[in-house]
Amino acid sequence: MIRLAPTLLVARIGMCKLPSDIAAPSLNFPLLRKLTLWLVSISEEAMDVLLSACHVLEALFLQDIHDVGCLHISSPTLRIISFSATLLGREELVVDDVPRLERLLCRGVDGETIQVNKAPKLKVLGPLSPHVSKIKIANLVFQGRIRPSLGHSICTMNILALKFSGPDLNAVLGVLNCFPCLEKLYVIWDEYLKAKMKNLYQYDPLNPVKCLESHLKVLVLKNYTGGEEEVGFAKFFVLNARVVKEINFAVCDTIAIDKNWMTDQLRLLQVDARLKFRSGYSRWQTNYVNSSDLSIADPFS
């Protein structure tokens with residue numbers, strides 16, 4: 001790999017241990033734009049040296065990283081960080097200084113702490129889940145059961161994905177209160193997500209969530225079954241999201257969409273917003289499409 005380093009555009013390193021004393025002067029990836037590390041044992045020092053050798057790196061994918069207590073990421077060029085079950089053992093990922101970061105994608109994270117210190121252009125985030133022990137973005141803190149700190153907001157965020165065990169409206173609204181300019185929201189329901197939420201936020205029509213007043217245009221509900229609570233969840237956004245143009249229902253693969261089911265749903269929802277029902281969504285489906293392709297605006301689509 002060292003021999004090919006000057007010409008590499010994409011690299012995938014897996015099932016190995018990178019030495020702590022990796023030679024910094026001899027490591028140079030002047031053209032590398034996408035780097036994937038999976039099933040890799042790496043120290044903080046080795047990660048720092050590796051990233052410093054990547055001068056134009058735009059996308060970093062981390063999966064099952066071992067033997068590091070706190071993994072620090074700094075890069076002047078990174079635009080995407082994606083990780084899946086990255087830090088085994090309830091450890092910590094710290095995005096120290098990534099001024100061009102636009103997407104932070106969190107797949108299969110369970111118990112880790114995620115801290116973003118400097119990412120002023122962050123636009124796409126998620127899925128946030130109660131399984132993440134703590135997420136801190138600048139002064140905004142989501143801890144334990146997605147309990148956001150009050151009085152802080154992130155105005156750059158356009159697309160957000162949330163994952164819950166069920167349609168907990170207050171938990172979702174508590175998070176949305178921190179993203180006043182959000183335009184597209186994904187809510188993924190996963191019945192196998194055992195963590196429960198506490199309703200710590202109560203919606204007040206006299207003090208509405210800002211993104212519902214002027215920005216949220218698209219709502220996507222994944223693993224939708226059409227039950228009473230889910231209908232009520234969707235109907236809240238129809239009534240309170242003033243500029244919503246489209247609601248997409250990714251219907252669970254256990255539900256057969258027929259004429260009677262559709263008629264019943266439309267009657268219950270009583271909406272004028274544009275509705276789309278798509279069947280065959282598997283509750284196990286968690287992959288993102290073209291998450292490394294920045295020309296595609298929405299990696300959750």
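As a basis for the values below, the full set of heavy atoms in this structure was taken, side chains included, without hydrogen atoms, waters or symmetry mates. Fair warning: this is a prediction, and the values are worked out from it, not measured in the lab.
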- [ ] Kindly give the cluster partners of Leu9, where membership spreads through any ILVMFWY side chain lying under 4.5 Å from a current member.
- [x] Val10, Leu31
Open item on the list: Would you compute the distance between atom CZ of Arg33 and atom SG of Cys54 and round it to the nearest 0.5 angstrom?
Closed with: 12.0 Å
Task: Test item: Leu173 and Leu212 side chains (from C-beta on) under 4.5 Å apart, heavy atoms - done: yes
TODO: Measure across Pro180 and His215 and return the closest heavy-atom pair with its distance rounded to 0.1 Å.
DONE: O-ND1, 3.5 Å
Task: Joint cluster assignment, Met262 & Phe249, ILVMFWY side-chain distance < 4.5 Å - done: yes
Open item on the list: Would you say that Asn240 contacts Pro208 through its side chain, given a criterion of any heavy-atom pair below 4.5 Å between the two side chains?
Closed with: no
TODO: Not counting sequence neighbours, which residues clear salt bridge (Lys or Arg N to Asp or Glu O under 4.0 Å) with Arg242? List them please.
DONE: Glu213
Task: Single-linkage hydrophobic cluster, 4.5 Å side-chain cutoff, Ile81 and Val56 together - done: no
TODO: Spell out, as yes or no, whether a donor-acceptor pair under 3.5 Å connects the side chain of Thr77 to the backbone of Leu57.
DONE: yes
Open item on the list: If we ignore hydrogens and angles and just use 3.5 Å, is the side chain of Asn223 paired with the main-chain N or O of Trp189 as donor and acceptor?
Closed with: yes
- [ ] Mind checking the CG-NZ spacing from Leu219 to Lys245? Nearest 0.5 Å is all I need.
- [x] 15.5 Å
Task: Non-neighbouring partners of Asp264 that pass salt bridge (Lys or Arg N to Asp or Glu O under 4.0 Å), sequence neighbours left out - done: Arg267
TODO: Only counting residues at least two apart or in another chain, list the ones meeting side-chain contact (heavy atoms from CB on, under 4.5 Å) with Asn260.
DONE: Asp258
- [ ] Look up atom CZ in Phe179 and atom CG in Leu216, then write down how far apart they are to the nearest 0.5 Å.
- [x] 13.0 Å
- [ ] Could you grab the distance from atom NZ of Lys34 to atom CG of Leu8, nearest 0.5 Å is fine?
- [x] 14.0 Å
Task: Side chains of Leu176 and Leu160 in contact at under 4.5 Å (non-hydrogen atoms) - done: yes
Open item on the list: Ring-plane angle category for Trp261 and Phe277, please: parallel below 30°, perpendicular beyond 60°, tilted otherwise.
Closed with: perpendicular
Open item on the list: Through direct or indirect side-chain contacts below 4.5 angstrom among Ile, Leu, Val, Met, Phe, Trp and Tyr, which residues connect to Met15?
Closed with: Trp38, Leu39
Open item on the list: Checking Glu183 now: which residues fulfil salt bridge (Lys or Arg N to Asp or Glu O under 4.0 Å) with it, not counting sequence neighbours?
Closed with: none
- [ ] Could you tell me which residues satisfy side-chain contact (heavy atoms from CB on, under 4.5 Å) with Thr225, sequence neighbours excluded, listed by chain and number?
- [x] Glu230, Cys252, Ile255
Open item on the list: Assigning hydrophobic clusters by single linkage (Ile, Leu, Val, Met, Phe, Trp, Tyr; side-chain heavy-atom cutoff under 4.5 Å), is Leu266 placed with Val244?
Closed with: yes
Open item on the list: Are more than 12 heavy atoms, taken from residues, nucleotides or ligands other than Lys210, located less than 6.0 Å from that residue's NZ atom?
Closed with: no
Task: Partner residues of Tyr186 under the ring-ring contact (aromatic ring centres under 6.0 Å, His included) criterion, sequence neighbours left out - done: Phe300
- [ ] With Phe83 as reference, evaluate Leu60, Ile65, Leu105, Leu104 under the side-chain contact (heavy atoms from CB on, under 4.5 Å) test and give the passing residue.
- [x] Leu104
Task: Set of side-chain contact (heavy atoms from CB on, under 4.5 Å) partners for Pro30, sequence neighbours left out - done: Asn28, His55
Open item on the list: Could you report the tightest heavy-atom contact between Cys155 and Cys181, atom names first, then the distance?
Closed with: O-CB, 3.4 Å
TODO: State, to 0.1 Å, how close Leu78 and Ser75 come at their nearest heavy-atom pair, and which atoms those are.
DONE: N-OG, 3.2 Å
Open item on the list: For the OG atom of Ser153 and the CG atom of Leu182, what is their distance to the nearest 0.5 Å?
Closed with: 12.0 Å
Task: Donor-acceptor pair, side chain of Thr156 and main chain of Leu122, under 3.5 angstrom - done: yes
Open item on the list: Within the structure provided, determine whether Ile154 and Leu125 are in side-chain contact (heavy-atom separation under 4.5 Å).
Closed with: no
Task: Members besides Leu239 in its Ile/Leu/Val/Met/Phe/Trp/Tyr cluster (side-chain heavy atoms under 4.5 Å) - done: none
- [ ] Identify, with sequence neighbours excluded, every residue that meets salt bridge (Lys or Arg N to Asp or Glu O under 4.0 Å) alongside Lys184.
- [x] Asp298
TODO: Identify, with sequence neighbours excluded, every residue that meets side-chain contact (heavy atoms from CB on, under 4.5 Å) alongside Lys118.
DONE: Asp97, Pro120
- [ ] To the nearest 0.5 Å, tell me how far Met47 CE sits from Ser74 OG.
- [x] 11.5 Å
